[in-house]
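Letters A, B, ... mirror the listed sequences (proteins, then strands); counts begin at 1. Side-chain atoms are counted along with the backbone in the values below, which use heavy atoms only and exclude waters and symmetry mates.
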Amino acid sequence: MQARFYRALYRIRRVEEEIAAVYPTDKIKSPVHLSIGQEAVSVGVCEALRADDVVFGSYRSHALYLAKGGNLRRMIAELYGKADGCAKGKGGSMHLIDIEARVMGASAVVGTTIPQAVGFAYALKLQRKDSVVASFFGDGAVDEGVFYESLNFAALKGLPIIFVCENNRYAIHTHQLKRQKLDNICDRARAHGLPAEQIPNNDVQGIYEHISQSVGQLRAGSPGPFFFECLTYRLKEHVGPNDDFQLGYRTQEEAEAWVKSDPIEQLRAHLDAAERRRIEREVEDEIKDAFSFAEQSPWPHAAELYTDVYDE
Amino acid sequence: MQARFYRALYRIRRVEEEIAAVYPTDKIKSPVHLSIGQEAVSVGVCEALRADDVVFGSYRSHALYLAKGGNLRRMIAELYGKADGCAKGKGGSMHLIDIEARVMGASAVVGTTIPQAVGFAYALKLQRKDSVVASFFGDGAVDEGVFYESLNFAALKGLPIIFVCENNRYAIHTHQLKRQKLDNICDRARAHGLPAEQIPNNDVQGIYEHISQSVGQLRAGSPGPFFFECLTYRLKEHVGPNDDFQLGYRTQEEAEAWVKSDPIEQLRAHLDAAERRRIEREVEDEIKDAFSFAEQSPWPHAAELYTDVYDE
Amino acid sequence: MRRNFTQTSMTSDTKRELSYIDAVREATDQEMARDSSVILFGLDVDDPKAIQGTTRGLLEKFGPERVFGTPLSEDAMTGVAIGAALAGLRPVHVHIRMDFLMLAMNQLINIAAKSRYMYGGQVQVPIVVRSMIGKSWGQGAQHSQGLYSFFMHVPGLKVVAPTTPYDAKGCLVHAIRDNDPVMYVEHRILHFQRGPVPETAYTVTPGKARITASGTDVTLVGISYMQVECLRARRYLESVGIDAEVIDPIWLSPLDIDTIVESVRKTGRLCVVDNGWVACGASAEIVALVIERLQQIRPVVVRRLGFAPVTCPPTPILENLYYPNASTIASAVYDLVRGGDNGWMPKERLDLQEIQFRGPF
Amino acid sequence: MRRNFTQTSMTSDTKRELSYIDAVREATDQEMARDSSVILFGLDVDDPKAIQGTTRGLLEKFGPERVFGTPLSEDAMTGVAIGAALAGLRPVHVHIRMDFLMLAMNQLINIAAKSRYMYGGQVQVPIVVRSMIGKSWGQGAQHSQGLYSFFMHVPGLKVVAPTTPYDAKGCLVHAIRDNDPVMYVEHRILHFQRGPVPETAYTVTPGKARITASGTDVTLVGISYMQVECLRARRYLESVGIDAEVIDPIWLSPLDIDTIVESVRKTGRLCVVDNGWVACGASAEIVALVIERLQQIRPVVVRRLGFAPVTCPPTPILENLYYPNASTIASAVYDLVRGGDNGWMPKERLDLQEIQFRGPF
Ligand SMILES: Cc1ncc(C[n+]2csc(CCOP(=O)(O)OP(=O)(O)O)c2C)c(N)n1
Ligand SMILES: Cc1ncc(C[n+]2csc(CCOP(=O)(O)OP(=O)(O)O)c2C)c(N)n1
Ligand SMILES: [Mg+2]
Ligand SMILES: [Mg+2]
């Protein structure tokens, strides 16, 4: 398991580091909301999911997309705006999708995929499927009314869905406590009849165990939903490839605690050196391949502008 | 106090009974959402408010409007669509307003006046006024996301506002527990950091005391908001003048408990007969006067169609 | 492009008459029976009033998983419909008033309309959003709006506003089978219309307008409930020797402009009567399209009619002035045809009176 | 009705140049200093980026009660603005993208637009809703929409889309003083414009368009950012001997149609270039109004240009085709003036290149 976690975390981290490195060249003509520092949540959750389980995310979904098995080549091509992108260049980094991997969408409007995840879960239940849905969103989405409406309906119908709040404490530059009187997101979920738990500190193992347990209960047919608030931390600026401590809305010190407890470092220590090097080599090769794939992918044809508006 | 309560409750009840009696004549060309059975909530709250305190309500606001001191003649004229109506016939029964009485508006879209009440409270705080706002809404409004967004912001800013949920258990014909998993509206408010209390059974005295206490604290400058869930019961159909037990979504038995505990009957028992008769006579005279005022009021001029769209 | 009324499956069975309400109900019933992926939900679809009867009996027939009332959560429930559609269902989401769609705009405009495109054609959102426009009996500011031009403005949505029981059924059957989001616009007064409706399922497909009465002097396009007023206006105009061709666009997006253009090519005069406000409305679009198509080909005079540019007043005395009606339409068309401002206004004919509608709602 | 540019207070001080961003900031600053009832809020108005600088320094100057960031609650915060306005404040509510207004539609359409009317003229809702249209750098489906035609459609709202720093300040000063709800539409690219801006507070009042370049052959109406592209297109057209008059409506509601009609009466040709979709958009309304006014008075040819009728694609190769630009506008106008389909397209001139805008946002 530790090797699995390490590979998944290291891979996402390195992909995003490459994105950040390439960004100044303007080859990526798209905003990028990097997950660097938050990988543990997507990995912990998705490692506990089955291939036919479904996830929905936000504009900050690189980690989720990759953790759930989204195609790396097509993701980078999408950031490059190329024809082989996972949305043919028509989505961009904020709308990653991979139908095969059941990454069913990501939205640039905060909170908007939460009810879609609920609707998908409603369908799964009606269709008597035993797969489940995981809905990912940030602490900012908790400010939106649709969050409560969605939890209320999911609880009312006992749907097979797991809500995953990635609480990195900030909405852009505004701290949670400047937007919510209390630091009690789980209580808000409980008030709607959901069992809810807070998982501190990028605890990938803990997240994995909690989600595995909930998924097990859902597959066994007991009613959902479940709610988890995963405390995590965004190390880069809200959007873009850089650090932003100079802006002054947060301190370097605040970040250091998270850097120290970075699960990637922790896991690295536990891994046999040879295996670690093998994993890292494979990942580096895969990343090189993905970026050159994106480089070589053609631009979409002009005719693509008019396709996919309606069913043709 | 009991005489005050009795007068206020009896007056509202009788006004609405008259509306129901007149309705079949089609003189009231407007939907009417009667408060019969729910008067105790508006009376209990408004008796604890000052003239310069502000209220916002829903399309079911006849009781609120009258309890807060809204002009009866102009209310009936509004239902008749006449020029002397409280909105010149341009609002109708769902949009009652009386600026002098600080009844600042009612909306036909469920939940929409809640954030307006919050905004008004924000202004009062900024203006260093010591008056407070009371926001009235039903259990159906609790389903709407804007309810949570509004509570969250009011709590975050500690605003001088009291939220009053008139829980009559139904949204049109749909019971609360078909829309919300748990019967725990107060917990939902508490999760947003509001002190919240449920007041059972049309307890006009209890409502009055709770509100008085909260208003006292707000005037003394301690931060709001406060939340109260007042259990009550609508005796007539959702909209219109009739009973609706034949529809089968609720039972006559369910209603009987509320009829038995009707605060109007209870208070009547405690009143000296002479005083009671005096109150009732005065109220009956006032009602007769109001309906003939509405009858005699002219229709709006055709030119009124185009006024009040923009500032002229 | 033009659809010939008599050549549709109408002929198969013209005897049976249904109300618009029953036509909507039957379309839903038949499609739900045909396709188990169709579900129906919305506030009060399962309550005793059953959305004026349009959902009557469906809960009993298809069960509470496929037919259910919802919390008052228009925003989330629209997202739920989209999510269910992504999973392969075909949700029909019902709103008792179009005004309430303003709470669902984010999901409709930012998600439903855009998902197919922004996901590179890999997903589709086959949802039907039914909503009703209110009128009369003090509906007032917030229960009377016809806001479909918002949805005509945004690529990715389809919009239909059937005016007859026949089209109500045929358009709903198509809308449910359509793989794109369809805004299905009803009108409370039209609900009381009765007309021939075949028992078998049939479709009235997008992009086909219908000439509901042919004429040579002027082209009258009536949208939603205004189609009824236009047909009445035509009778008034007959009495003064003006022969109006009346067109029902039925589908507003995609819009069958060809049928309208062909008619105006013949008449040279166009009056569009909308069941909404004029500014940036359906009438503006239709006038602009016709002008773009016929300019330099033949001279055309145009006129737009719609709600007065004010908020809807509940008092009947003002509400009557707020809406176009057969007389005011006839009067405007008279001027359009004869030229100038003639001040002619027909007397209300009782035999043309609208179906009486009594409140409360 | 027509506003003469040189006769405004421009003359008072034409030396000082400001960016659009600073013009917005200065207008807000001056009005907040003048009137203590003005408050400013919205997501991130108080954060380090200060809405591209348009709110920079205002928190420090006016304090956290009058300038504050909000939770992500567009619906409720719009209601809060309305409620505060009912209590006598003049809120300015800021949204970093117009797309997010779809979450506020219920409060804007059902309450803000209707309160004065449905309460019989006893209340007013003097709010200003600032929102920005995004463009380029992968903004894509949900960060690029220009949806102001929705607000032009609904009586009770005013809509303004200033294109120059001068108008940005003058219109915002007026909007804050206006007693009706004003939708104040900005464009991310226009933010980088620089131009003369008087230091003193002045107003650019509703219902007055501006002729930004006079001409005789064709009338070019450019809305929001498209005003810039129209002025560039005019230069291209000059090179082939076509003399275009360019008009900036500035205020879209109330709309100064007189100035446009007078221009078309002279040129006989109208091309409206909108920063949004065409169907039921501002261009449809302007074309319909002009035709209604000039029909039977003089022949007119019209053309509408706007976003391609698709969802906005982020990839630059398709995004370039999605938007009208100086060349495509010039090409369309060339055909409108010369007649037929000439396929003429000017070569991009670097001296007319748009202000370069680099991401991420
Ligand atoms: C409805 C809406 N309002 C505002 C924005 C602007 N915005 C983009 S990201 C963001 C912050 C969201 O914070 P959070 O949900 O915590 O996600 P995080 O960025 O921390 O991952 C905001 C306010 C938006 N995209 N959508
Ligand atoms: C946003 C919205 N959705 C639906 C409706 C239709 N509707 C009118 S009243 C009502 C029930 C509201 O119930 P509640 O809030 O409990 O108030 P009550 O009628 O019980 O006083 C509904 C669903 C509406 N007016 N507004
Ligand atoms: Mg966050
Ligand atoms: Mg209720």
Contact class of [X] relative to chain C, heavy atoms under 4.5 angstrom:
X      : result
B/H95  : side chain
B/L247 : both
B/K178 : side chain
B/L79  : neither
B/V110 : side chain

Pair C/Q142-B/S107, side-chain hydrogen bond (donor to acceptor under 3.5 Å, both in side chains): steps then yes or no: CA-CA 8 Å; C/Q142 300 172 331; B/S107 171; 3.2 Å; yes
Looking at [atom1] of [X] and [atom2] of [Y], how far apart are the two atoms once the value is rounded to the nearest 0.5 Å?
X      : Y      : atom1 : atom2 : answer
C/S73  : B/Q180 : OG    : CD    : 9.0 Å
B/K82  : C/T315 : NZ    : OG1   : 8.5 Å
C/L43  : B/R179 : CG    : CZ    : 9.0 Å
B/E237 : C/K49  : CD    : NZ    : 5.5 Å
B/I172 : C/I96  : CD1   : CD1   : 7.0 Å

Steps toward side-chain contact (heavy atoms from CB on, under 4.5 Å) verdict (B/D26, C/W137): CA-CA 10 Å; B/D26 288 357; C/W137 213 268; 3.6 Å; yes
Ring pair (Phe, Tyr, Trp, His ring centres under 6.0 Å) partners for C/F151, two or more places apart: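 None.
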Option that, when pairs with chain B are counted at under 4.5 Å, heavy atom only, ranks first among C/P316, C/G140, C/C312, C/A141: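 Winner by heavy-atom pair count: C/P316.
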Interface moiety of C/E74 toward chain B, non-hydrogen atoms closer than 4.5 Å: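 Both the backbone and the side chain of C/E74 come within 4.5 Å of chain B.
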Side chain, backbone, both or neither of C/F100 within contact of chain B (heavy atoms, under 4.5 Å):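 The answer is the side chain of C/F100.
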Check [X] against [Y] and note the closest heavy-atom contact, atom names and distance.
X      : Y      : value
C/D47  : B/H173 : OD2-ND1, 2.7 Å
C/V310 : B/Y306 : CG1-CD2, 3.8 Å
C/H143 : B/M94  : ND1-CE, 4.1 Å

Donor-acceptor contact present, side-chain B/S30 to main-chain C/G138, <3.5 Å: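 No, the answer is negative, given that no donor and acceptor are paired below the 3.5 Å cut-off.
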Heavy-atom donor-acceptor pair, B/D143 side chain to C/P71 backbone, under 3.5 Å: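 It does not hold such a pair.
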Is there side-chain contact between [X] and [Y], with at least one heavy-atom pair below 4.5 Å?
X      : Y      : result
B/T174 : C/D44  : yes
B/V309 : C/P309 : no
C/L103 : B/E144 : yes

Any residue meeting side-chain hydrogen bond (donor to acceptor under 3.5 Å, both in side chains) with B/Y65, in chain and number order, not counting sequence neighbours: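 Listed in chain order: nothing, the list is empty.
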Top contributor to chain C interface from B/A87, B/P300, B/G92 [non-hydrogen pairs under 4.5 Å]: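 When all of B/A87, B/P300, B/G92 are compared, B/P300 has the most.
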Atom NE2 of B/H175 with >12 non-hydrogen neighbours under 6.0 angstrom: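 Count over threshold, so yes.
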